[in-house]
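Index from 1, following the sequence.
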Amino acid sequence: MKIAIIGAGGHAKVVLDALSLMKSFPVSATCLIDPAKAGHRFAGLPVLASARELKPASFIVAIGDNARRKRCFEEMLLLGWQPINAVHPSAIIARQVALGRGTFIGPNVVINPDAQIGDNVIVNSAAVVEHDCRIGSHSHVAPGSALGGGVQVGEGALVGIGSTVCPLGVVGNWSVLGAGAVLLERLDEGATGIGVPARVKRGKEE
């Protein structure tokens, strides 16, 4: 089974490592797709310019930028490729968790019962997603972050490294919660929240 990893940067290394530890995926049949690095090898694997060079098979997008990852995900679907999940074996995922398509779950992640994870999501190293959370598609829950019970993370949102969202908090679509921030209640769509407690960033000074 051919597996295409879209992207050949730092996050692709982490995704490739997770795939290599999943017994069901033959990494020997894996290639990477990145127009900027086509013709080279990355982590011992060939890098191609486009998925159009291959017959449709399975893919995962290994790009950190949420907007770019969404575009690539949708382009691959249009080409007839099927998204797969990359789940590191050290992750603890409750049986009642619903995982979307093309999602990456990193090492030492904990996802508790009745959480729902959308399509093309990154739940990165050592993040905690508590019970009844809703994580929107194309979002990124960064390393070491913690989501309390019932948190909602919107489409394309970024929950930054080491940040905390208190129970029932809402991180709006395409918003950014800064590294180490603590969100008590709500961050509106498209906003950037920083600090403890998190406040909306306004201008260069804040």
Keeping the roles fixed (side chain from [X], backbone from [Y]), state whether a donor-acceptor pair exists under 3.5 Å.
X	Y	result
Asp34	Val47	no
Ser163	Ser145	no
Asp65	Arg68	yes
Arg69	Gly64	yes
Asn112	Glu130	no

- Decide if atom CD of Glu185 counts as having more than 12 heavy atoms of other residues, nucleotides or ligands within a radius under 6.0 Å. no
- Message: With a sphere of 6.0 Å drawn around NZ of Lys37, does it hold more than 12 non-hydrogen atoms of other residues, nucleotides or ligands?
- Response: yes
Beyond-backbone contact of [X] with [Y], side-chain heavy atoms, under 4.5 angstrom:
X	Y	result
Leu19	Ile84	yes
Trp174	Glu155	yes
Val151	Val170	no
Val87	Ile93	yes
Leu32	Pro46	no
Leu48	Leu54	yes
Arg186	Asp188	yes

When rounded to the nearest 0.5 angstrom, what is the spacing between [atom1] in [X] and [atom2] in [Y]?
X	Y	atom1	atom2	value
Ile3	Trp81	CD1	CH2	10.0 Å
Ile5	Ile60	CD1	CD1	7.5 Å
Ile122	Ile63	CD1	CD1	9.0 Å
Ile33	Cys72	CD1	SG	9.5 Å
Lys70	Ser139	NZ	OG	11.5 Å
Arg199	Leu187	CZ	CG	12.5 Å

- Note on the structure: For Met76 and Ile6 the tightest heavy-atom approach is CE-CD1, 3.7 Å
- Query: Should the pair Phe73 and His138 be assigned to parallel (<30°), tilted (30 to 60°) or perpendicular (>60°) ring geometry?
  - Reply: perpendicular
Without placing hydrogens or testing angles, list every side-chain donor-acceptor pair under 3.5 Å for residues 99-107, not counting sequence neighbours.
from: Arg101; atom 1: NE; to: Asp119; atom 2: OD2; distance (Å): 3.4
from: Arg101; atom 1: NH2; to: Asp119; atom 2: OD2; distance (Å): 3.2
from: Thr103; atom 1: OG1; to: Gly118; atom 2: O; distance (Å): 2.8
from: Thr103; atom 1: OG1; to: Asn120; atom 2: N; distance (Å): 3.4
from: Thr103; atom 1: OG1; to: Val121; atom 2: N; distance (Å): 3.2

- With Leu147 as reference, evaluate Val128, Val171, Ile135 under the side chain to side chain contact (heavy atoms under 4.5 Å, CB included) test and give the passing residue. Ile135
- Message: Once side chain to side chain contact (heavy atoms under 4.5 Å, CB included) is applied, do any residues pair with Pro197, and if so which ones, sequence neighbours excluded?
- Response: Leu184
- Item | salt bridge (Lys or Arg N to Asp or Glu O under 4.0 Å) partners of residues 165-183, not counting sequence neighbours, each pair once | none
